Amino acid sequence: MNLSTMLNTKQQEAVTTTEGPVLVLAAAGSGKTRALTYRVAYLIDQGVSPVNILTLTFTNKAAQDMKRKIKDLLGEMPDQMWIGTFHSICVRILSQNLKKLGYQSGFVIYDQDESKSLVADIILSFNLDKEKYDPKIVLKLINKAKLKLWAEDELLARYQEVGNGSEEYYQNIVDIYQKYNEVLKDNNAFDFNDLLAKTIELFEEHQDVLAKYQDKFKYLLIDEYQDTSPIQYRLAQLVAKKHNNIFVVGDDFQSIYKFRGADMNNILSFADDFAECKTIKLEQNYRSKGNIINASNALIARNHQQFNKEVWTANAEGEPVIICEAANEYAEADYITEEIDNLVRFSGYKYNDIAILYRSNHQSRVLEEAFIRKRIPYYIVGGLGFYDRKEIKDIISYLKVAVNPQDTIAMKRIVNVPKRGIGAKTLDKLIRHAQEYVPEFNLLSFNQEDESLGLFDIMEEPTDVSGIGKKTAAKIRSFHKDLEEVIAIKESSLSIPDQVDEILKTSGYQAMLELDGSETALNRLDNLNEFLVLAENYQRKNPDRELDDFVRDLKLLSDQDDLDQSNQVKMMTVHASKGLEFPTVFIVGVEEEVFPHRRSIKSGLIEDIEEERRLAYVAMTRAENRLFISYTRQRQQFGETKTMIPSRFLDELPTELILEVIHNHQL
DNA sequence: CATCATGAAGTTTTT
DNA sequence: CTTCATGATG
């Protein structure tokens, strides 16, 4: 393994310092993932068994990426090596030790929605004032306590410390918290935070178990360390305590997840927490042109709570950063489409090289409209893209039910679309009946292969279900008939697009929209047509495949990983852009109250503005060659035209790196 | 019990 | 201008 040709000296140091705590402060574009993957390869090369290495990431995507890169380096990915998210690794540890914590095998995991409805039930059972106890807010408080590892006996004091509610209010929250945990335990269930919290509990109460894992994970590596929460920190600390080989990589300039529990102090005080820690700074940026680096450096220098880093690049200066003032959001979109046209026509860029970044999801709408009009291909990453539209989700749910009539989740979605007089209460009854009638029926099971009886079968004879009247039963039976027809269509020899089309008609979905006739309804019909085109394309490319395959592959089609293949401009929130890079980047809506976001301004906390500034830093540093930033003078907000002020962040960019333009034209 | 009308609020997101 | 939640109505 010849490291010196592949890595710079700092990266080599990060890779080869295998013993003791190591903090790598890795600037944007400095080869952070490279250092991480080479380190794993290097450890194995040095004779460390893959069994003894644990690598923790934040997302499954990051874990996959890393596995792939390690495989490229080593020729194969050692399958005994644990690489995964904090959560998935904890699931693995927990399932090996369930009995010790008093859980049965076959536990379930509650997602946010399930947790929320549980909290709602508890609030109801406590007879608390609905006005004062919103399940969403209560769950947030519960999550906060778990994330911050607050002990149960100090909860009340902690809540009062950070909030401004009454003692009675917080006492009730504490009661809900306790009840919530009891119910989870009774249901043999964990929520997302429990996965970590219970692993910690396991380690703290069973020293022998802890010792076992400490010896297993002699080498611990953590990615994106600036976004770890207190609970994750505690877990890392426990695992690393014995062998003390903890290696963390992160960039305090890019900490943007405070709202979901990230605590920058973890990275800022790493050197204090782990004695004799070695700090290595990766400051050379390989990604961006000089002007982009210098501009982003000037911006981030305004923040206070951070390490001193001198990000530099050997790359050429490049073009100035363009800042465009647009009359309004339509003119802004017009400007962007025009620039993209120019870049593609005259500067050799492809659509694929371009990304548009915004602060909030809803900003994509005006852009989308402009892109459609100008016929520029685009793709929305995350947020409400094509597959997130209501009508597309609905039709996909119909297809899912056609393929698997026991898919309860899809069934729930379509049962009353179009209106069939079967509401949430009726469905609840049916589900409850299914749970009694079929012991293995599990609403939380997402297992598509589950062949057991489910909702569909019960709908055939709904009179058996207690509490369902004759009228409703007739409606349900009629729906069941419709579904049988839908299933018959699936069994037919029609092509996939024809089947989809037939299902749209048989279900009454199409008629519903045609009858409505409103603009949104017509828009939805258009989108469904687009979906049919998609099905046609799919069939053309895969003549032998059937509806089952199509439904299964739809998931992949909407997956982010396949993005690079298609030549489309990508649109996404700044958050979603983290870790990505593009030759050309447009940052839009850079105005006070938009970016920085209104709530961060209103909170009055300097740290909130600093997080927004880091967010802007992340956005800018995604760009390799060209960076365009735009703001509007006027914008429609909440139905009224508001006069906008350019973002304070724009004033923080050195004027000599900038070229300002004005764009008033709009379509 | 389903559906309609009215009103309030309006980030970022992974597991 | 949305979307979502809630209370009144049929």
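Here the structure is a predicted model, which is why all the values come from computation and not from measurement. Reckoned from all heavy atoms, side chains included, excluding hydrogens, waters and symmetry mates. Throughout, protein chains are lettered first and strands after them, A, B, ... in sequence-line order, and every chain is numbered starting at 1.
In this structure, A:R614 forms no cation-pi arrangement with A:Y617, as its terminal cationic atom is not both closer than 6.0 Å to the ring centre and no more than 45° off the ring axis.
Here A:K116 pairs with nothing under the salt bridge (charged side-chain N to carboxylate O under 4.0 Å, His left out) rule; sequence neighbours left out. Judged as a ring-ring contact (aromatic ring centres under 6.0 Å, His included), and not counting sequence neighbours, the contacts of A:F190 are A:Y103, A:F107. For A:E460, the salt bridge (charged side-chain N to carboxylate O under 4.0 Å, His left out) criterion is met by no residue, not counting sequence neighbours. With sequence neighbours excluded, the residues that form a side-chain contact (heavy atoms from CB on, under 4.5 Å) with A:D134 are A:K136, A:I137. For the ring-ring contact (aromatic ring centres under 6.0 Å, His included) test, no residue two or more places apart in sequence or in another chain qualifies with A:F582. Evaluation of the side-chain contact (heavy atoms from CB on, under 4.5 Å) rule for A:A145 yields A:W150, A:L155, A:Y159, A:Y177 as partners, not counting sequence neighbours. By the side chain to side chain donor-acceptor pair (under 3.5 Å) test, A:R613 pairs with A:N303, A:E652, sequence neighbours left out.
Atom pair A:L196:CG and B:dT15:C1' shows a separation of 9 Å (rounding to whole Å applied). In this structure, A:K475 atom NZ and B:dA2 atom P are separated by 8 Å, rounded to whole Å. One atom, NE2 of A:H362, and another, C1' of B:dA9, lie 13 Å apart when rounded to the nearest Å. Distance A:K136 NZ to B:dT11 C1': 11 Å, rounded to the nearest Å. A:F192 has its CZ atom 12 Å from the C1' atom of B:dT13, to the nearest Å. Taking atom CG of A:L147 as the reference point, atom P of B:dT13 lies 17 Å away to the nearest angstrom. When the C1' atom of B:dT11 is taken as reference, atom CG of A:L615 falls 10 Å away, rounded to whole Å. For the pair A:E224 CD and B:dT13 C1', the interatomic distance rounds to 14 Å; values are reported in whole Å.
Two residues, A:N60 and A:F259, neighbour DNA chain B, and the one matched to the more 5' nucleotide by heavy-atom proximity is A:F259. Mapped onto DNA chain B by nearest heavy atom, A:N193 and A:K140 fall at different nucleotides, with A:K140 at the one closer to the 5' end.
When distances are taken from the side chain of A:H575 to each of B:dT12, B:dT14, B:dT3, the shortest belongs to B:dT12. The side chain of A:S360 approaches B:dT11 more closely than any other nucleotide in the set B:dT11, B:dT15, B:dT13. Closest to the A:H87 side chain, of the nucleotides B:dT11, B:dT13, B:dT15, is B:dT15. Listed nucleotides B:dT15, B:dT3, B:dT12 differ in distance to A:T59; the shortest reach to its side chain belongs to B:dT15.
Taking atom C1' in both B:dT12 and C:dA5, the straight-line distance is 23 Å, to the nearest Å. As rounded to the nearest Å, C:dT3 and B:dT14 have C1' atoms that lie 24 Å from one another.
Residues from residues 588-602 of chain A with heavy atoms under 4.0 angstrom of DNA chain B, sorted by number: A:H597, A:R599.
Close to B:dT13, at under 4.0 Å from its OP1 or OP2, lies a side-chain N or O of A:T573. Within the structure, every side-chain polar atom (N or O) of A:N361 is placed at least 4.0 Å from both OP1 and OP2 of B:dG10.
In this structure, A:R365 does not pair ionically with A:E368, as no charged nitrogen and carboxylate oxygen lie closer than 4.0 Å.
Note: A:H575 and A:F259 meet the aromatic proximity criterion, with ring centroids under 6.0 Å apart.
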Filtered N/O pairs between nucleotides 1-8 of chain C and protein, under 3.5 Å:
{"unit_1": "C:dC1", "atom_1": "N4", "unit_2": "A:F638", "atom_2": "O", "d": "3.4"}

